[in-house]
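What follows is a short report on a single structure.
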Amino acid sequence: MTLPQKLGKYEIRRELGSGAMGVVFEGWDPGIGRRVAIKTVKRDQLERSEAGDVLARFQREAQAAGRLSHPHIVAIYEYGEAEDGTVFIAMEFIEGRELKDYFDANERFPLPEIGRLMKELLAALGHAHQHGVVHRDIKPANVILLKDGTVKVADFGIARIESSNLTQAGAVLGTPAYMSPEQFTGQPIDGRSDLFSAGVILYQFLTGDKPFTGTLTTIMHKVLKEEPPAPSELNVQVPRQFDALVKRALAKRPEERFQNAQEFSAAIENALQGNKTIFDEATLVAGDASTGTIATIGTVSPVPSAPPAPQPPPAHSRNRMPLVLALAGAAVLTVGGAFMALKGGGTDTQTAAGNGQGAVPPAPTFAQAADGSTLTITAVGFADPSDARYAQDQGLLQADLREDVRRQLVEKAAALYIEPSSLLQHYGLIQAKLLANSASFIQAMREEQAPQQGKDGLMSITARASVNVREVQKSLNQMSREERVDFIRNNGDPKISVAITAKSADGDQNVAPPRSPVAENLLKERIQSFGFRLMNEDQGAGADFAVTGEAKFKKLSHTLEASGITIEKFVLTSWTVKCTDKKSSEEIYYNTQIPVMQSWATEDQALRDIGKQIGEEFSKNFFLQHFHQTARKVKLRLQGLPSGEMAQTLLREMTGLRPVLGISLAHADGKDALYDAELSGGFADLSDLVGKGIAAPLNQKFGKTCLNVSGLNGVEVTLAFAAACNAPETLSRLDALPAAALLAAPPPRREALTRNPETLRKLSI
């Protein structure tokens, strides 16, 4: 077919392939400089009787999938229709290899890598199911591994359309080897069907074989009637606890399967820890990583050794070529270059400290992506071992600890963007909509310490992870729109460039329009009123945001017959207002809707009004909700401590505080200690940030003002410990009371943590 030049606003660069419904192109969005993949459906390729129904469903599914915004889902940008009747969907253009290619080449993965990949797949499914979208064609060909090993799931929303084969009689929904029993029998489909398909993929990961094979009729019979061999029977290196997990994932009846993706993911995490958890024999107090033992109250139990991982194939089987994901399973394109084997960067590590007071936090590795998308954060999770739920299932205690620490990692990420009082006010909503999906924002768990029991009776676990803070920010923005919540954003220091052009609609459209200082100055005045910095257009590379506008005017003349006087007026014929995030190149605002029709006597009057109207399109909160907040490096000096041991005790306390993204003890000398820390918060003054974010919650635990900001020198803040706080009854509160992070936590978090009246009393202090 002839290559079209454009589809909608997208420039067409090349054809990538064709499918049953249309052609797939590589496109270019000139507005924000982004490659896209464009899938098309031509009306003339459909039978008249089915065209309306197919295109209506195509649009509905594109809109449904367009609601999904998740780091492990191929994003859909737009549904549109070209002038020639071609309907198209523009989506994210990604480069990677289909999981199917790995399976076809008999390539195998270490067990921790299998766990990570499955959890990323399940995080994507969980996000989709929560938004009412069921994939219905989960299979290895729709699971893409990027060069860094990240999972991307393709065909959300579109798989339903393509799998129907355009209403051909007798067509089967889905891909037989990965279909659930209810798909074969035509029963109602929900997210548990996708989880069945994910279970088939897990089985293939573990064994190298599909659980159901043969002709279509044979596969159908096996899916409906037969149980596949246990994975450990086909691969002796698979831990036996995966047998029960896979059996549940592949249960014939949906109600007997995992009921949601989070439950499935948690089960995988538990299975990775071994059949017998470290909680089985007694309540854990401290661990010793060097000896492989866990110290308990009354007994000492051996730590179960990690199961042997499935061995990778010989090197010669890892020479497959990478693929460019063309779109929605329609076509892929081979490109040059050998594929590099995946590295286990996401594998968890564990350390332990046997001091009986809780583990010393891991030394933080402060690493933020160049585009501000990810940040390494350290957090502490808690659980109450006296909860009756743990009496019969100590493994549940470990799972809850891990779940709580993941929530705290994401809560700290959210605190980058939301002012503390606003976060507290809306905590219930954030807890339900954001923290409940914490696993989807964590890219890799970098370090996890052994659980510890403190003298306050609570269990704790400290972990450090790479968190996709940009996706947290986007989720908060989406929450603001959908829930009509006006979060108070942390103050930032955005730098903004402005460029507004104006020209006559009757002039030469090939000539670049001139800038309009009149309109620009009015917009700049509004931006300066927010306290933000302005950048010249030629310095735009250093700006955080670029606001651009283009206005076209037409001069109208009318001569009055009675007087012969000619009246001239200027009217606006078109305008375009855009705001681009310079770090991500994302177009975060775009408006071409002409304001309410009016006319002006002079062009200057028109430009002044236009500049004012463009300014009114933007608010202080608009920029702050898209601003890439970063951690602030601080050197924290504590003086006058009662003992050298206090430096370590306070290090553990500060690690759990919400504004503390990471902290390590750089130096301790007697009663003085120096810490390297990275903090979040909207306070311009570092002394305010340290005073309100660190000293205040610690003083709450002491029961009096023991720590005061006594000095500020550049990025070094000094806290002085009051001599009056050296009294034993004051210092004993450090051990007797729960962590300062919990004392300062919102009530919903404290109430969810424990139902023990004595612990609740302590938490309410």
Do you know which two heavy atoms are closest between [X] and [Y], and how far apart they sit?
X: Lys100; Y: Ala141; answer: CB-N, 3.8 Å
X: Ala198; Y: Leu125; answer: CB-CD1, 4.2 Å
X: Leu206; Y: Asn235; answer: O-ND2, 3.0 Å
X: Pro231; Y: Asp243; answer: CD-OD1, 3.3 Å
X: Tyr427; Y: Gln408; answer: OH-NE2, 4.5 Å
X: Lys252; Y: Pro181; answer: O-CG, 3.6 Å

When you measure from the side chain of [X] to the backbone N and O of [Y], does any donor-acceptor pair fall under 3.5 Å?
X: Asn142; Y: Asp137; answer: yes
X: Gln443; Y: Ala465; answer: no
X: Thr213; Y: Lys210; answer: no
X: His127; Y: Ser69; answer: yes
X: Glu182; Y: Gln187; answer: no
X: Glu120; Y: Val151; answer: yes
X: Lys412; Y: Thr378; answer: yes
X: His135; Y: Ser193; answer: no
X: Asn437; Y: Ser440; answer: no
X: Arg257; Y: Gly199; answer: no

So, [X] versus [Y]: side-chain donor-acceptor pair below 3.5 Å or not?
X: Ser466; Y: Arg446; answer: yes
X: Thr150; Y: Asp148; answer: yes
X: Gln183; Y: Tyr178; answer: no
X: Lys139; Y: Thr175; answer: yes

Nearest 0.5 Å please: distance from the CG atom of Asn270 over to the CZ atom of Arg402. 8.0 Å
Kindly compute the distance separating CZ (Phe441) from NE2 (His70), expressed to the nearest 0.5 Å. 6.5 Å
Would you say that [X] contacts [Y] through its side chain, given a criterion of any heavy-atom pair below 4.5 Å between the two side chains?
X: Glu92; Y: Lys152; result: yes
X: Val143; Y: Leu117; result: no
X: Pro738; Y: Phe382; result: no
X: Pro239; Y: Leu111; result: yes
X: Leu435; Y: Glu411; result: yes
X: Ser438; Y: Glu403; result: yes
X: Asn260; Y: His129; result: no
X: Leu753; Y: Leu458; result: yes

I need the full list of ring pair (Phe, Tyr, Trp, His ring centres under 6.0 Å) pairs touching residues 228-259, with sequence neighbours left out, sorted by first then second residue. Phe258-Phe264
Walk me through it: do Leu476 and Val485 pass the test side-chain contact (heavy atoms from CB on, under 4.5 Å)? CA-CA 9 Å; Leu476 290 169; Val485 172; over 6 Å; no
With sequence neighbours left out, the residues meeting salt bridge (charged side-chain N to carboxylate O under 4.0 Å, His left out) with Glu482 are none
Should Glu227 and Lys247 count as an ion pair when the cut-off is N to O under 4.0 Å? no
Between Arg248 and Glu263, does at least one N-O distance fall below 4.0 Å, as a salt bridge requires? yes
Stepwise side-chain contact (heavy atoms from CB on, under 4.5 Å) check, Arg406 with Met445: CA-CA 9 Å; Arg406 285 195 292 264; Met445 193 67 72; 4.2 Å; yes
Do we get Arg97 above Tyr102's six-membered ring, with its NZ or CZ under 6.0 Å from the centre and within 45° of the axis? yes
Please walk me through it: do Val405 and Thr462 pass side-chain contact (heavy atoms from CB on, under 4.5 Å)? CA-CA 7 Å; Val405 79; Thr462 303; over 6 Å; no
